[in-house]
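Report on the structure given below.
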Amino acid sequence: MRVTIISDASFCPNSKAAGYGGWVVSDRGNNASGGPLRGAPNSGAAETMAICNVVWEGLKAGLIQRGDNLIIQTDCATAIKVYQEARWTSAVEGSAFKWLNDQLLKYNLTVEFRHVKGHSNVQDTRSKAQRFCDERARIAMQKERSKIRLQECKEIIRASREQQKPKRKGQGYMRRNTRLNHKANLARKAGWQE
């Protein structure tokens with residue numbers, strides 16, 4: 001059976017946060033997915049990871065089965081090159097390549113990659129589906145980036161607290177005695193004698 005897979009990834013180079021969005025469609029049904037991607041060093045690696053995640057989601061949902069023909073559509077030419085030419089620039093891309101090839105052998109799947117132009121105003125079905133996946137990927141990346149920024153803020157606050165002087169034992173007692181001594185000195189200056 002022919003199964004169409006559309007995947008996309010969103011990557012923030014500053015925080016290294018990434019997310020993916022995908023859609024699997026066949027005569028068995030369809031499944032939309034998306035979520036965070038952790039460990040992607042660049043956008044190309046995020047796109048190769050996204051393809052694996054969407055294929056995994058299709059397998060888990062029973063939409064991809066033994067002997068199927070997969071048509072994988074992505075807007076990333078780099079990801080297509082990784083899978084078609086077995087050439088990658090990061091260990092993450094190499095791991096993604098190995099995982100996908102293992103699944104192709106395990107389930108006797110055939111695969112065909114197609115490039116779909118991303119971020120366009122074209123109104124055909126492929127482009128609309130790509131925009132849908134792009135939106136899911138962007139939302140997942142933004143959530144992951146928020147988590148990363150929140151963790152960074154917590155670490156800054158923790159470091160700031162550690163830099164503050166720790167309270168010494170009895171410091172409250174010393175402040176109380178200082179206040180009492182100050183009041184006694186004012187009373188003496190005012191003419192009050194013991």
Side-chain angles (χ1 to χ4, degrees), residues 1-26 30-61 63-120 122 124-145 148:
M1 180 177 291
R2 187 170 116 172
V3 180
T4 301
I5 296 166
I6 301 170
S7 79
D8 200 6
S10 183
F11 180 78
C12 173
N14 296 328
S15 64
K16 302 295 187 206
Y20 79 96
W23 196 36
V24 180
V25 181
S26 74
N30 62 69
N31 182 50
S33 60
L37 293 171
R38 294 185 179 98
N42 56 48
S43 62
E47 294 280 0
T48 58
M49 292 169 71
I51 290 170
C52 290
N53 282 11
V54 178
V55 168
W56 181 80
E57 294 280 355
L59 287 165
K60 186 173 77 170
L63 298 174
I64 300 172
Q65 296 179 5
R66 180 171 295 282
D68 283 346
N69 176 32
L70 307 182
I71 297 173
I72 299 176
Q73 300 180 77
T74 179
D75 64 354
C76 182
T78 302
I80 293 173
K81 184 183 249 186
V82 166
Y83 291 116
Q84 286 183 334
E85 299 176 16
R87 291 176 41 193
W88 50 84
T89 58
S90 71
V92 172
E93 291 172 336
S95 295
F97 172 82
K98 183 181 180 327
W99 183 88
L100 184 62
N101 277 326
D102 289 348
Q103 303 316 303
L104 295 177
L105 292 172
K106 181 178 178 180
Y107 294 101
N108 192 29
L109 302 169
T110 58
V111 66
E112 177 186 339
F113 289 92
R114 293 185 183 166
H115 184 264
V116 58
K117 186 171 173 56
H119 310 285
S120 71
V122 178
D124 66 351
T125 308
R126 289 176 63 201
S127 298
K128 286 180 181 179
Q130 185 66 34
R131 281 194 293 278
F132 169 79
C133 294
D134 179 60
E135 181 66 16
R136 289 182 77 93
R138 187 179 58 76
I139 290 169
M141 181 275 294
Q142 288 173 336
K143 285 181 181 176
E144 188 65 15
R145 183 172 57 196
I148 291 169

Side chains of [X] and [Y] in contact at under 4.5 Å (non-hydrogen atoms):
| X | Y | answer |
| --- | --- | --- |
| W23 | N30 | yes |
| K143 | P36 | no |
| E112 | L70 | no |
| Q130 | D8 | yes |
| T74 | I80 | yes |
| Q84 | F113 | yes |
| I5 | I64 | yes |

Counting distance only, does the side-chain N/O of R66 pair as donor-acceptor with the main-chain N or O of K106 below 3.5 Å?
yes

Side chain of N101, backbone of K98: donor and acceptor closer than 3.5 Å?
no

Look at the aromatic rings of F97 and W88 and report parallel, tilted or perpendicular, splitting at 30° and 60°.
tilted

Hydrogens and angles aside, do Y83 and E93 bring a side-chain donor and acceptor to less than 3.5 Å of each other?
no

Between R138 and D134 (salt bridge meaning N to carboxylate O under 4.0 Å), is one present in this structure?
no

With a cut-off of 3.5 Å and sequence neighbours excluded, list every side-chain donor-acceptor pair involving residues 45-55.
from : atom 1 : to  : atom 2 : distance (Å)
E47  : OE1    : A9  : N      : 3.3
T48  : OG1    : A45 : O      : 2.7

Tell me, please, which residues at least two apart from T110 pass side chain to side chain donor-acceptor pair (under 3.5 Å).
N69

Nearest-0.5 Å distance that lies between atom NZ in K81 and atom CZ in R87
4.5 Å

What distance do I139 atom CD1 and E144 atom CD have between them, rounded to the nearest 0.5 Å?
14.5 Å

Considering all heavy atoms, the nearest V3-S26 contact
CG2-CB, 3.8 Å

Please report the shortest heavy-atom distance between S33 and R136, naming the atom on each side.
O-NE, 3.1 Å

